[in-house]
Amino acid sequence: MNAVQLALLEALQRGPRSGPELGRLLGISRAAVWKQIQALRQAGLPLPGRVRRGAMAGYTLPTDCGLLDAGAIRRALPAALRDRLRFEVLAETDSTNDTLLRRPAAARAGVICLAETQTAGRGRRGRTWYSPPLGGIYLSLGWRFADGLGMLGLLGIVCALDCAAALARGCGFAVKVKWPNDLYRDGRKLGGLLLELQGGPNGPCDAVIGVGVNWRLYRPAMIDRPAADLTGARPDIDRNSVAAALIAALVAACESLPQREPGAVQRAWDKADLYRGRRVVVSGSSGKTSGLVAGIDDRGGLRLDRDGETITLYGGEVSVIGAGGAAV
């Protein structure tokens with residue numbers, strides 16, 4: 001999404017606008033306005049035309065599609081956080097994680113990067129995260145830990161639990177977790193986290209923690225699995241307030257990690273686990289392993305019960321085994 005498209009969307013936030021009116025506001029021709037509208041539509045954002053007395057009267061944004069605003073997000077944060085974080089809101093980037101990772105570690109600690117759209121959003125295990133304009137909340141946090149990598153085994157688990165709790169509080173519906181750090185609503189994927197760590201065994205360690213949450217599913221067919229969004233359940237919620245809640249949850253998870261008692265984390269995961277007690281198959285680099293989900297261990301590994309024997313896995317993709325015996 002380029003600067004002209006961003007300015008166009010900012011104009012549409014103030015109400016429907018005709019092509020000539022948008023052209024005057026942006027300093028471009030009516031034909032150029034139409035070209036930018038078409039580009040946004042092709043990127044996945046529906047921009048319906050407003051019809052009056054049988055003629056096209058202008059373009060309008062879909063409902064509940066406010067742009068991200070750094071000032072509004074900062075104001076929605078707890079007061080203690082407002083001056084501790086640096087905010088960047090980008091019209092477009094390849095991925096918010098990569099935007100931070102390209103910088104020296106010292107230059108990204110305490111930085112929040114958000115984007116209206118990602119051209120190469122990344123999920124776990126090399127998957128693409130579909131990131132249409134205004135279709136989701138895409139953000140990353142840079143953080144420095146004094147401890148080394150070996151002390152951060154529960155980081156992804158804690159971040160997922162805290163983000164799930166923040167969404168549940170702010171949106172009023174249950175959010176479940178799927179190992180290792182996916183977020184689900186009504187059995188459908190709502191979002192996920194991507195953690196990327198740099199450092200040694202003795203510290204310090206630098207983390208970039210990315211979160212992607214579906215805000216509004218304009219094109220569900222572009223996603224390779226059943227998906228849920230936030231506005232489908234709560235059309236009245238505010239995008240900037242939800243972004244602030246996720247940021248506060250990530251910071252709380254990072255700051256509280258050294259004090260989080262592993263047993264308490266395990267119990268919290270059990271309560272929120274989408275697949276607790278279900279038969280699953282875990283696909284990894286060494287093949288597939290199946291069993292009943294039996295929680296997590298004190299380092300965040302997935303515990304599986306296999307005919308009375310418990311094994312622990314630290315990587316892989318989890319799929320539930322349906323009634324017909326197929327993984328879904």
Side-chain angles (χ1 to χ4, degrees), residues 73-74 76-87 96-97 100-101 105 108-114 123-124 137-171 174-185 190-199 203-213 230 241-274 295-302 314:
I73 294 170
R74 189 185 297 275
L77 285 170
L81 288 184
R82 291 172 190 165
D83 296 325
R84 293 179 49 202
L85 303 172
R86 290 172 286 159
F87 287 84
T96 55
N97 266 30
L100 292 185
L101 287 169
R108 61 180 183 248
V111 174
I112 297 287
C113 179
L114 304 101
R124 292 184 60 252
I137 297 174
Y138 322 118
L139 67 87
S140 296
L141 165 68
W143 198 265
R144 168 159 283 196
F145 293 91
D147 293 322
L149 289 172
M151 301 299 293
L152 303 182
L154 286 174
L155 177 61
I157 296 290
V158 169
C159 285
L161 285 170
D162 286 8
C163 284
L167 290 172
R169 285 193 302 270
C171 302
V175 178
K176 294 290 188 177
V177 291
K178 173 191 167 187
W179 187 84
N181 43 39
D182 285 339
L183 308 172
Y184 275 69
R185 176 176 73 80
L190 176 65
L193 288 83
L194 179 64
L195 282 69
E196 300 185 87
L197 306 177
Q198 298 174 341
C205 178
D206 294 288
V208 171
I209 307 168
V211 181
V213 175
L230 290 175
S241 296
V242 174
L246 289 170
I247 291 165
L250 290 181
V251 173
C254 291
E255 290 188 328
S256 67
L257 184 66
Q259 289 78 47
R260 300 284 273 263
E261 197 274 315
V265 175
Q266 290 171 285
R267 291 189 292 274
W269 185 268
D270 284 345
K271 291 180 180 179
D273 191 353
L274 179 69
I296 58 173
D297 74 353
D298 59 2
R299 295 187 294 155
L302 177 67
Y314 293 96

Out of curiosity, Ile247 CD1 to Ile112 CD1, how far, rounded to the nearest 0.5 Å?
4.5 Å

Apply the test side-chain contact (heavy atoms from CB on, under 4.5 Å) to residues Val242 and Val213: give CA-CA distance (whole Å), side-chain angles for both, the deciding distance (0.1 Å), then the verdict.
CA-CA 10 Å; Val242 174; Val213 175; 5.7 Å; no

Please name the pair of heavy atoms, one in Cys254 and one in Ile209, separated by the smallest distance, quoted to 0.1 Å.
SG-CD1, 3.5 Å

What distance do Trp269 atom CH2 and Asp297 atom CG have between them, rounded to the nearest 0.5 Å?
12.0 Å

Would you indicate whether the side-chain heavy atoms of Leu193 and Leu183 approach each other to under 4.5 Å?
yes

Go through the structure and list residues passing side chain to side chain donor-acceptor pair (under 3.5 Å) with Gln259, not counting sequence neighbours.
none

Short question: side chain of Arg82, backbone of Leu77 - any donor-acceptor pair under 3.5 Å?
yes

Looking only at heavy atoms, what is the nearest atom pair of Thr96 and Ser140, with distance?
OG1-OG, 2.6 Å

Return a table of donor-acceptor pairs under 3.5 angstrom between the side chains of residues 141-159 and protein atoms on other chains or two or more places apart.
residue	atom	partner	partner atom	Å
Arg144	NE	Asp206	OD1	2.8
Arg144	NH2	Asp206	OD1	3.3
Arg144	NH2	Asp206	OD2	2.9

Search all heavy atoms of Ile73 against all heavy atoms of Ala243 and return the closest pair with its distance.
CD1-CB, 4.1 Å

Shortest non-hydrogen contact between Ala76 and Ala244, atoms and distance:
CB-CB, 3.6 Å

Which residues pass the side chain to side chain donor-acceptor pair (under 3.5 Å) test with Arg299, not counting sequence neighbours?
Tyr314

Within the distance-only criterion (no hydrogens, no angle test), does the side chain of Asn97 pair as donor or acceptor with the backbone N or O of Gly210 below 3.5 angstrom?
yes

Which residue pairs pass the side chain to side chain donor-acceptor pair (under 3.5 Å) test with at least one member in residues 151-166, sequence neighbours excluded?
Asp162-Arg260

My understanding is that only residues two or more places apart in sequence, or in another chain, count here; which of them pass side chain to side chain donor-acceptor pair (under 3.5 Å) with Gln198?
Arg108

Is any side-chain heavy atom of Leu167 closer than 4.5 Å to one of Leu190?
yes

Quick check: do Trp179 and Asp273 have side-chain heavy atoms less than 4.5 Å from each other?
no

If you compare all heavy atoms of Leu250 against all heavy atoms of Cys163, which two are closest, and at what distance to 0.1 Å?
CD2-SG, 3.7 Å

For Leu230 and Cys171, the nearest pair of non-hydrogen atoms, with its separation, is CD2-SG, 4.0 Å

How about Leu195 and Pro180: do any of their side-chain heavy atoms sit closer than 4.5 Å?
no

Which residues pass the salt bridge (charged side-chain N to carboxylate O under 4.0 Å, His left out) test with Lys176, not counting sequence neighbours?
none

Is there side-chain contact between Asp182 and Leu274, with at least one heavy-atom pair below 4.5 Å?
no

Spatial distance of atom NZ (Lys271) from atom CG (Leu161) [nearest 0.5 Å]:
11.5 Å

